[in-house]
Amino acid sequence: MQALLEQPAGVGVATHCPYCALQCGMVLRPEGGRLAVTGRADFPVNRGGLCLKGWTSTETVNHPDRLRAPLARDAAGRLVEVSWDVALQRIAGALAGIQQRHGHAAVGVLGGGSLTNETAYLLGKFARVALRTPNIDYNGRFCMSCAAAGQIQAFGLDRGLPFPIEDLASADVILLAGSNLAETMPPVMRHLEAQRAGGGKLVVADPRASRTSQAASIHLQLLPGSDVALANGLLHACIQQGLVDREYVRERTTGFEAARAAVAAYWPARVERLSGIPASQLAEVAALLGSARRAIILTGRGTEQHSHGVDCVLAWINLALALGLPGRLGSGFGPLTGQGNGQGGREHGQKADQLPGYRKIDDPDARRHVAAVWGVEESDLPGPGLSAYELLDSLGQEKGVRGLLVMATNPAVSAPRALHVIDRLRQLDVLIVADFFLSETAKLADVVLPAAQWAEDGGTTTNLEGRVILRRAVAPLAGDARPDWRILCDLARLLGASANFRFEGQGAIFAELRRASAGGPADYSGITYERLAREDGVFWPCPSGDHPGSPRLFAERFPMPDGRARFHAVKYRPPAEEADARYPVIVTTGRVLSQYQSGTQTRRVAELVRQAPEPLVEMHPSLAARFGLHDGQMVRLRSRRGSIALKARVTNSIRPDTVFVPFHWGGQQAANNLTNPALDPVSRMPEFKVCAAAIEPISTGGELD
Ligand SMILES: Nc1nc2c(c(=O)[nH]1)N[C@H]1C(S)=C(S)[C@@H](COP(=O)(O)OP(=O)(O)OC[C@H]3O[C@@H](n4cnc5c(=O)[nH]c(N)nc54)[C@H](O)[C@@H]3O)O[C@H]1N2
Ligand SMILES: Nc1nc2c(c(=O)[nH]1)N[C@H]1C(S)=C(S)[C@@H](COP(=O)(O)OP(=O)(O)OC[C@H]3O[C@@H](n4cnc5c(=O)[nH]c(N)nc54)[C@H](O)[C@@H]3O)O[C@H]1N2
Ligand code: SF4
Ligand SMILES: [Mo]
């Protein structure tokens, strides 16, 4: 089984891109001391296409900045190279000391959606079995948590797309709420181009005329944070126009009457006042959606990263249910998962409230099942822990986490209210970071562990369609780097849990993951590496070796006790912070094509840096004029949490009341110095997409106070 992950040198190896959730198929071939990349035409998601990040992805393999040996602080406080033995001993000693003094929960773990399924699974087990702490969460809390919570409430299951992405091409209408696919998942545009060539229409809801909305038939340029008003307004219009699929609502759902009552108050003039979308556009989009034979509603982070993000997701789902879309062939609802393994990473136990296979950690049956697979007592498994931001906010505090292991996330750049988070990270007794570069978070660590990269270590990921796929190792480990899963096994041994962490390779971990997930919502028990290689991926749930996998869900029933999907009555609530006299500008944040996430990787690739060397704050000419700013000028943005300095990009493509800042840079350019950690009450998602700020020109040099 393990051999499938390791290929002889010199041969082109079929694998997948390390970055986003499309997990584009690619072939890597050693060529003149580097790895040449080609897109795989036979992989249906990207059909040979890759974005610039994919084409340049091997530039980070063996990059001169790679961490090649463990680092630890010396007596003078500098990070210096040490042996693995010294690094691991120091970590084990520090964590054991903290737990003796303050209890098991005083050690925390923060994981990431770029880890393979095997490592994400092992990290969850490591926290619960080796550290016996409830406090493990991951960066997906900042990403897919609203989508997950909304889908579980409405459908009983969260699988990003419950249908293959190829379905997009045959839809008559696609409504894309808060996603800029043209920059964040460019190969999807091929499916949208095919849709348009067949006469299909695309509707995009985004406060900016993004590259995606420029390809749309209709652009709903709403005010940030007003998605519930817009979606409720569209449902109101559909009801008014008699477009509700009554038979579907009767046979397959419950709760429509309450939702209908809730949207009765969203008459067009009011929706226009709340969201800025004119009544004529509402009626037009409702008619388009309601008359389509096949329609698909998709959400991205724009509509989800709010302190009421779950309500946004539920409001879009209400619209989809009223139109009878979920489970109908060629139609549907789906949130677009973002990170490489954002889907698998949220299924196997690195989330504070979950056990593998998408089981709930407070469900007694789930606990018994997983405890038996792990060979521990059910009563020894901890319960739910703190969510990512709450965990970060607790660092070094009374009753908080005092020792933290960070694996595959860079919260010093990506967490909301980043300056406060950095301050908290500094208050830890010990910070341990496993990364392959010295990220902004790693720079704050007491011990840094050099992790293997995707091309050096195989394993499985699960893409945005719920398709489990195989990544293969093609390159030797850089220096003394070790795969994440091996680091966890090594540490577990020193922490006295060696019996539960004897794994030869990911193959053995995957075999255990299959057993742990068996019978759960995300059942991988019928999936093997052999099948993944032979079938080029298998969609979960796949409960047995002869099960074909599940590309499409909800055709007959929803996984609810009564088989029906749920409507929810949701009301518009304003963002936690609105523009006022002191902070008159709305800031929204997101991504640009040529940088990825906290930038640790893509800021090291020359071609990507050429394309996007620095963050630019996008603003409308009328906003620029109002504050005496011009294109290319350095400006200061200041919110209640902190400030940043960056160049202005004056453009007609954004609303005059809103500015857009990408979040891929740290320090004085970190968008998250500004953002508001107001959390959604259900998902604990922070409000990345709306905060209020003051804006002014910087006349000299660009220093900040
Ligand atoms: N190039 C690149 N690609 C990536 C990533 C990356 O960092 N760089 N990251 C990956 C990951 S992890 C993710 S999660 C995905 C995210 O992919 P997207 O969701 O497409 O990315 P964002 O840029 O965060 O947000 C999308 C859009 O939401 C809009 N928006 C802002 N506020 C609102 C609002 O209140 N309502 C609505 N409806 N829209 C709003 C923004 O203007 C923006 O155009 O991308 C993945 N792909
Ligand atoms: N303002 C604002 N903030 C945001 C967002 C936003 O839209 N606006 N979006 C949020 C979203 S959707 C997301 S997903 C997060 C992402 O934010 P982060 O989690 O910080 O993103 P990454 O840059 O992917 O961080 C991964 C880190 O782990 C390392 N790494 C990558 N793969 C591996 C691996 O396999 N093993 C190990 N050990 N290390 C690895 C990388 O080098 C990098 O340093 O940011 C969130 N923050
Ligand atoms: S779209 Fe995503 S998976 Fe595809 S090449 Fe670009 S970053 Fe990689
Ligand atoms: Mo994400």
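First listed ligand is number 1; within each ligand, the first listed atom is number 1. Residue numbers start at 1 and run along the sequence shown.
Using a 4.0 Å cut-off to heavy atoms of Ser439, the atoms of ligand 2 that qualify are 44 (O). Close contacts of ligand 2 with Asp484, meaning ligand atoms under 4.0 Å from a residue heavy atom, involve 34 (C), 35 (O), 36 (N), 37 (C), 38 (N).
For atom 44 (O) of ligand 2, the closest heavy atom belonging to the protein is Asp435 OD2, 2.6 Å. Closest to atom 31 (C) of ligand 2 among all protein heavy atoms lies Phe436 CZ, 3.3 Å. For atom 19 (O) of ligand 2, the closest heavy atom belonging to the protein is Asn139 ND2, 2.5 Å. Here the heavy atom of the protein found nearest to atom 4 (Fe) of ligand 3 is Cys24 SG, 2.3 Å. In terms of protein heavy-atom proximity, atom 6 (Fe) of ligand 3 is nearest to Cys51 SG, 2.3 Å. Given atom 1 (S) of ligand 3, the protein heavy atom at minimum distance is Pro187 CD, 3.3 Å.
Between Phe436 and His63, the distance from one ring center to the other does not fall under 6.0 angstrom.
Annotation: cation-pi geometry not satisfied between Arg159 and Phe539 (NZ/CZ under 6.0 angstrom from ring centroid, within 45° of ring axis). Judged by the 6.0 Å and 45° rule, Lys351 forms no cation-pi pair with Tyr138.
Closest heavy-atom approach to atom 9 (N) of ligand 2 among the candidates Arg301, Arg591, Glu687: Arg591.
The aromatic rings of His306 and His308 sit parallel to each other, their planes meeting at less than 30°, with 60° as the upper class boundary.
Using a 4.0 Å cut-off between a side-chain N of Lys or Arg and a carboxylate O of Asp or Glu, Lys443 and Glu440 do not qualify as a salt bridge.
In Asn410, the parts holding a heavy atom less than 4.0 Å from any atom of ligand 2 are both the side chain and the backbone. Here Asn672 has side-chain heavy atoms under 4.0 Å from ligand 2, and that is the only part of it that gets that close. At a heavy-atom distance under 4.0 Å, only side-chain atoms of Gln305, from C-beta outward, approach ligand 2.
Of the candidates Trp55, Trp454, Tyr596, Tyr19 forms a ring pair (Phe, Tyr, Trp, His ring centres under 6.0 Å) with just one, namely Tyr596.
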